[in-house]
Colleague: 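There's a structure below that I have some questions on.
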Protein chains: 2
Amino acid sequence: MGNNPVDRKELILDTALKLFTKNGFFNTSVHDIQKDAMVSIGSIYHHFGNKEAIAKSLFHHIESDITGIIESIMVNHETAHDRCRAVIAKFFEITEHNPDQMNFLLYAKHREFMPDQQPLCSSRPFSLMSQIVDEGMERGEIRRMDPLVAAVAVFGGAIRLIFLELDGVLENPLRSYLHECWQCAWRSVTG
Amino acid sequence: MGNNPVDRKELILDTALKLFTKNGFFNTSVHDIQKDAMVSIGSIYHHFGNKEAIAKSLFHHIESDITGIIESIMVNHETAHDRCRAVIAKFFEITEHNPDQMNFLLYAKHREFMPDQQPLCSSRPFSLMSQIVDEGMERGEIRRMDPLVAAVAVFGGAIRLIFLELDGVLENPLRSYLHECWQCAWRSVTG
DNA sequence: GTCTATACCTGGATAGAC
DNA sequence: GTCTATCCAGGTATAGAC
């Protein structure tokens, strides 16, 4: 998913991501992708078989990118406090530098165009985030409560802010809200 | 939007809401609505003109319902504490009793099928919720911080939980999480 | 692997009788 | 206001040459 696609397949994926997030999956025809990527229809169907498969491939690429990022955060940080903060900071960063990726991951209604897809919250990145919170509770960093509630309390506000950014309604850069947002998040589950 | 529609128009709206939330706007054809509601195509087009107008009408109905609910909460409760808690409690209640309504309001990507629609966060219910938080900050109930951050901190976790409920991944009834969820929310912006 | 041309059909919308 | 029959654009997907 680099910015400088070498082969046709990557070019098609990059173009599809751009158009899907801009206009939505259903408002984007294969012809649109074909024209924008300056590739033939035949080429697209050769590589992906059908339109849904483009979205699937996109989703799995992004999901595995994000999973890798979270895993590396888990390796490099010890405490739930540092891990959660790092995850939110990284999500903010991706949202600002690569909004299409975040948009497609978080915002798209995947099940509408990939019927066999699990809900997003069951995906690997989200289960890792829950796991981080669970471990923090076991370690005594986070006060005892329902683990699910703790997870949504820690990440809910940040995710909301990401949506606002993707909707283009934030006055200031997303990152400028990080400090206060994190203070609220952490305060909500401690003490 | 009653459960016992009298005229054709309401029947069409109820059916459309059901199908839109179940299968998505783009996976629902006017023919589907027609069959499910046992009404003719002509009747649908007579009342609404086109498919998008059905969604628009639906959205405005729901938006104004929710707006009314929040306004009445603002009348009946004095403090930001009580108001915010009541809003979340009510949202949970609606989600459980009328999931389609909440689904369509919160979850649908409106701008994909209603291009001239403002983003949801700019809608009346959401601006009222922000206003409640703002006033709470002026009154000194909520500690000084960016008003936007305060709003997402108060409501972010609850909204996340609602999404989880709508995705059908909660083990227990949504309302059983209310108490802890609210504790986190309020703690995040006070003290 | 890539292309063009085209088949096929779904689905939004209209016409016009009642 | 409601219905049936029909139109037709646009979109997915395929065929088959290169």
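Values below: all heavy atoms of this structure, side chains included; hydrogens, waters and symmetry mates excluded. Just so it is clear: chains get the letters A, B, ... in the order the sequence lines come, proteins before strands, and each one is counted from 1.
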Colleague: Can you list, by residue number, the residues of residues 22-32 of chain B that have a non-hydrogen atom closer than 4.0 angstrom to DNA chain D?
Modeller: none
Colleague: As a test of reading the structure: which of D:dC3, C:dA13, C:dT2 is closest to the side chain of B:S40, going by heavy atoms?
Modeller: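 From the listed options, D:dC3 comes nearest.
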Colleague: Looking at B:D116 and B:K56, is any side-chain nitrogen of the basic one under 4.0 Å from a carboxylate oxygen of the acidic one?
Modeller: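 Between B:D116 and B:K56 there is a salt bridge, with a charged N closer than 4.0 Å to a carboxylate O.
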Colleague: Which nucleotide wins on minimum distance to the side chain of B:Y45, given the candidates D:dA13, C:dT2, C:dG12?
Modeller: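 Given the options D:dA13, C:dT2, C:dG12, the side chain of B:Y45 is closest to C:dG12.
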Colleague: Charged N to carboxylate O below 4.0 Å: is that the case for B:E71 and B:R124?
Modeller: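 Yes, charged N to carboxylate O under 4.0 Å.
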Colleague: Do NZ/NE/NH1/NH2 and the carboxylate oxygens of A:R175 and A:E96 come within less than 4.0 Å?
Modeller: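 Salt bridge between A:R175 and A:E96, a charged N being under 4.0 Å from a carboxylate O: yes.
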Colleague: Roughly, in whole Å, what's the span from NZ in A:K9 to P in C:dT2?
Modeller: 11 Å
Colleague: Considering the terminal five base pairs at each end of the helix from C:dG1-D:dC18 to C:dC18-D:dG1, what angle separates the two local helix axes, rounded to 10°?
Modeller: 0°
Colleague: Parallel, tilted or perpendicular: which describes the rings of A:W186 and A:W182, with under 30° parallel and over 60° perpendicular?
Modeller: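 The rings of A:W186 and A:W182 lie parallel, inter-plane angle below 30°.
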Colleague: Figure out the CD1/C1' separation between A:I41 and C:dC3, and round it to whole Å.
Modeller: 11 Å
Colleague: Between P on C:dT2 and CD on A:Q34, what's the gap in Å once rounded to a whole number?
Modeller: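 In whole Å, C:dT2 P lies 14 Å from A:Q34 CD.
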Colleague: Between A:I54 (CD1) and D:dA13 (P), how many Å, whole number?
Modeller: 9 Å
Colleague: Counting N and O atoms only, with roles assigned by atom type, does the side chain of B:E63 sit under 3.5 Å from a partner on the main chain of B:P125, one being a donor and the other an acceptor?
Modeller: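 Side chain of B:E63 to backbone of B:P125, a donor-acceptor pair under 3.5 Å: no, none is there.
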Colleague: Between B:T21 and B:D100, do the side chains contain a donor N or O and an acceptor N or O under 3.5 Å apart?
Modeller: yes
Colleague: Can you tell which of D:dA13, C:dT14, D:dT2 lies closest to the side chain of A:K51?
Modeller: D:dA13
Colleague: Tell me the interatomic distance from A:K35, atom NZ, to C:dC3, atom C1', rounded to whole angstroms.
Modeller: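 It is 16 Å, rounded to the nearest whole Å.
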Colleague: Taking CD from B:E52 and C1' from C:dA13, how many angstroms apart are they, rounded to a whole number?
Modeller: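 That distance rounds to 14 Å.
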Colleague: Tell me, do B:C181 and B:F92 make a side-chain contact under 4.5 Å, heavy atoms counted?
Modeller: yes
Colleague: For the pair made of NE2 in B:H47 and C1' in D:dG1, what is the distance, rounded to whole Å?
Modeller: 7 Å
Colleague: Between D:dG1 atom P and B:L11 atom CG, what is the distance in whole Å?
Modeller: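 It is 15 Å, rounded to the nearest whole Å.
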Colleague: Using 4.0 Å as the upper bound for N to carboxylate O, is an ion pair formed by B:R139 and B:E135?
Modeller: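 Looking at B:R139 together with B:E135, the answer is no, because their closest N to O distance does not fall below 4.0 Å.
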Colleague: For A:E112, is there an ion pair with B:K109 - N to carboxylate O distance below 4.0 angstrom?
Modeller: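 The answer is no: the pair does not qualify as a salt bridge.
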Colleague: Taking the minimum atom-to-atom distance to the side chain of A:H46, which one of C:dT2, D:dA13, D:dT2 wins?
Modeller: C:dT2
